[in-house]
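Right, one structure below, let's go through it.
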Amino acid sequence: MADTFRPSDIPTLHLVDHPLIQHKLTIMRRRETGTKEFRELLSEIAMLMAYEITRDFPLRDVEIETPVAHCHAKMLAGKKLGIVPILRAGLGMLDGILNLIPAARVGHIGLYRDPETLAPVEYYAKLPRGIEDRTLIVPDPMLATGGSASAALTMLKDKGARSIILMCLVSAPEGIRRVAADHPDVPIYVAAVDDCLNEHGYIVPGLGDAGDRIFGTL
Ligand code: PRP
Ligand code: URA
């Protein structure tokens with residue numbers, strides 16, 4: 001049965017449902033959409049979401065000369081950033097974010113969901129230096145039970161991270177509630193909140209297995 005979930009009940013949740021994102025996501029969801037198109041659309045949506053996530057980034061005043069006059073203008077204040085995709089599927093969002101924030105450092109966290117228990121299993125971690133001084137964007141297309149995302153955020157905090165943003169494409173109420181409860185300090189950006197999880201822990205209606213669709217391993 002569908003969950004009576006209200007996004008407004010979760011203070012850390014940001015629903016990025018721009019019409020362009022919804023349109024592209026609908027094409028991704030379709031069973032017949034192939035790997036190439038799926039991957040391209042995910043990258044495009046990641047870029048659009050990164051635009052929204054960076055909306056409140058601090059600016060500094062600068063003085064410049066235009067061809068016409070001297071003026072006061074704004075530039076980014078040079079916030080230190082890191083992007084830490086959760087392997088594998090999070091990799092599909094990396095290039096889209098880097099298109100907007102090309103100077104960001106990139107780390108990787110390897111986690112997979114045990115198919116029986118659905119518990120996250122860690123197999124890799126490589127992070128940029130100085131994560132305690134960076135804002136880390138953690139992309140992963142799917143937020144299902146929330147186990148993987150919550151474990152990744154815990155791992156990053158254990159290694160010193162103090163400012164983290166979780167960025168997912170499709171989410172289930174269960175996963176949002178789990179991450180919000182475990183990490184009330186972490187903003188969660190999602191493009192869609194779906195109905196529920198099925199008995200295998202897949203998001204319904206979802207889009208299937210994101211990693212398999214990105215990498216063609218179905
Ligand atoms: C998927 C997805 C998330 C996780 C979500 O990864 O990319 O990391 O499942 O499920 P959860 O919220 O219930 O933890 P998966 O374990 O399939 O690994 P993959 O990215 O290597 O395919
Ligand atoms: N992981 C996926 O790739 N898809 C889901 O629906 C749930 C977890």
Exercise for the section: Could you tell me whether the side chain of Thr33 and the main chain of Ile27 form a donor-acceptor pair under 3.5 Å? Expected result: yes

Handout entry: From CD1 (Ile83) to CE (Met167), nearest 0.5 Å
Key = 8.5 Å

Handout entry: Shortest non-hydrogen separation from Ser148 to Pro120 and the atoms involved
Key = CA-CB, 3.9 Å

Exercise for the section: Return yes if a side-chain donor-acceptor contact under 3.5 Å exists between Thr217 and Arg88, otherwise no. Expected result: yes

Fill in the blank from the handout: When rounded to the nearest 0.5 Å, the distance separating CD1 of Ile53 from CG of Leu48 is 11.0 Å

Practice task
For atom CD of Glu32, decide whether the heavy atoms of other residues, nucleotides or ligands shown that lie under 6.0 angstrom number more than 12.
Solution key: yes

Practice task
Show your working on side chain to side chain contact (heavy atoms under 4.5 Å, CB included) between His72 and Asp61 and close with a plain yes or no.
Solution key: CA-CA 7 Å; His72 296 268; Asp61 295 317; 5.8 Å; no

Problem - Arg113 atom CZ, neighbour heavy-atom count above 12 within 6.0 Å - result: yes

Completion exercise
Distance col, row Leu87:CG vs Asp140:CG, nearest 0.5 angstrom, shows 9.5 Å

Practice task
Give a yes or no on whether Tyr51 atom OH has more than 12 heavy-atom contacts from other residues, nucleotides or ligands under 6.0 Å away.
Solution key: no

Exercise for the section: Show your reasoning for whether side chain to side chain contact (heavy atoms under 4.5 Å, CB included) applies to Cys71 and Ile64. Expected result: CA-CA 6 Å; Cys71 74; Ile64 59 165; 3.7 Å; yes

Handout entry: NZ/NE/NH1/NH2 to OD/OE distance under 4.0 Å, Glu174 and Arg178
Key = no

Handout entry: Short side-chain to backbone donor-acceptor contact, Arg134 and Arg129, under 3.5 Å
Key = yes

Handout entry: Connected via hydrophobic side-chain network under 4.5 Å: Ile165 and Leu76
Key = yes

Problem - same_hphob_cluster(Val106, Met49) at 4.5 Å side-chain heavy-atom cutoff - result: yes

Handout entry: Joint cluster assignment, Ile176 & Leu207, ILVMFWY side-chain distance < 4.5 Å
Key = no

Problem - Residue pairs passing the side-chain hydrogen bond (donor to acceptor under 3.5 Å, both in side chains) test where at least one lies in residues 15-27, sequence neighbours excluded - result: Lys24-Glu44

Exercise for the section: Might you point out which heavy atoms bring Ala149 and Val179 nearest each other, and give the distance in Å? Expected result: CB-CG2, 3.9 Å

Fill in the blank from the handout: dist Asp158:CG -> Leu153:CG (nearest 0.5 Å) comes out at 11.0 Å

Problem - Non-hydrogen atoms of Leu118 and Gly201 that approach each other most closely - result: CD1-CA, 3.9 Å

Handout entry: Stepwise side chain to side chain contact (heavy atoms under 4.5 Å, CB included) check, Arg213 with Leu42
Key = CA-CA 11 Å; Arg213 295 198 65 184; Leu42 179 58; over 6 Å; no

Handout entry: Aromatic plane relationship, His14 with Tyr189 - under 30° parallel, 30 to 60° tilted, over 60° perpendicular
Key = parallel

Completion exercise
CE (Met142) and CD1 (Ile86) are apart, to the nearest 0.5 Å, by 12.5 Å

Handout entry: Co-membership, hydrophobic cluster, residues Val193 and Ile21, 4.5 Å side-chain
Key = no

Practice task
Taking the side chain as every heavy atom from C-beta outward, state whether His183 and Thr154 have any atom pair closer than 4.5 Å.
Solution key: yes

Fill in the blank from the handout: Between Ala144 and Ala172 the two heavy atoms that sit nearest each other are O-CB, 3.8 Å

Handout entry: Residues Arg29 and Asp194 bridged, charged N to O under 4.0 Å
Key = yes

Practice task
Search all heavy atoms of Ala161 against all heavy atoms of Leu136 and return the closest pair with its distance.
Solution key: CB-CD1, 3.6 Å

Problem - Euclidean distance, Ile164 CD1 relative to Lys157 NZ, rounded to 0.5 Å - result: 5.5 Å

Problem - Taking every non-hydrogen atom, the tightest pair across Gly216 and Thr35 - result: CA-OG1, 3.6 Å

Exercise for the section: With the side chain counted from C-beta on, respond yes when Ile214 and Leu91 share a heavy-atom pair under 4.5 Å apart, and no when they do not. Expected result: no

Exercise for the section: Kindly say whether Gly146 contributes a backbone atom to a donor-acceptor pair with the side chain of Ser150 at under 3.5 angstrom? Expected result: no

Problem - Min side-chain heavy-atom separation Leu197-Ile203 under 4.5 Å - result: yes

Exercise for the section: Return yes when atom CZ of Arg60 has more than 12 non-hydrogen atoms of other residues, nucleotides or ligands closer than 6.0 Å, and no otherwise. Expected result: yes

Exercise for the section: Please check if Leu143 and Val84 belong to a single hydrophobic cluster, counting links between Ile, Leu, Val, Met, Phe, Trp and Tyr side chain heavy atoms closer than 4.5 Å. Expected result: yes

Exercise for the section: Would you check if Ile45 and Met28 make a side-chain contact, meaning some heavy-atom pair closer than 4.5 Å? Expected result: yes

Exercise for the section: Kindly indicate, with the supporting measurements, whether the criterion side chain to side chain contact (heavy atoms under 4.5 Å, CB included) is fulfilled by Leu156 and Leu127. Expected result: CA-CA 9 Å; Leu156 289 171; Leu127 301 172; 3.7 Å; yes

Exercise for the section: Identify the residue among Asp185, Thr135, Asp133 that makes a side chain to side chain donor-acceptor pair (under 3.5 Å) with Ser163. Expected result: Thr135

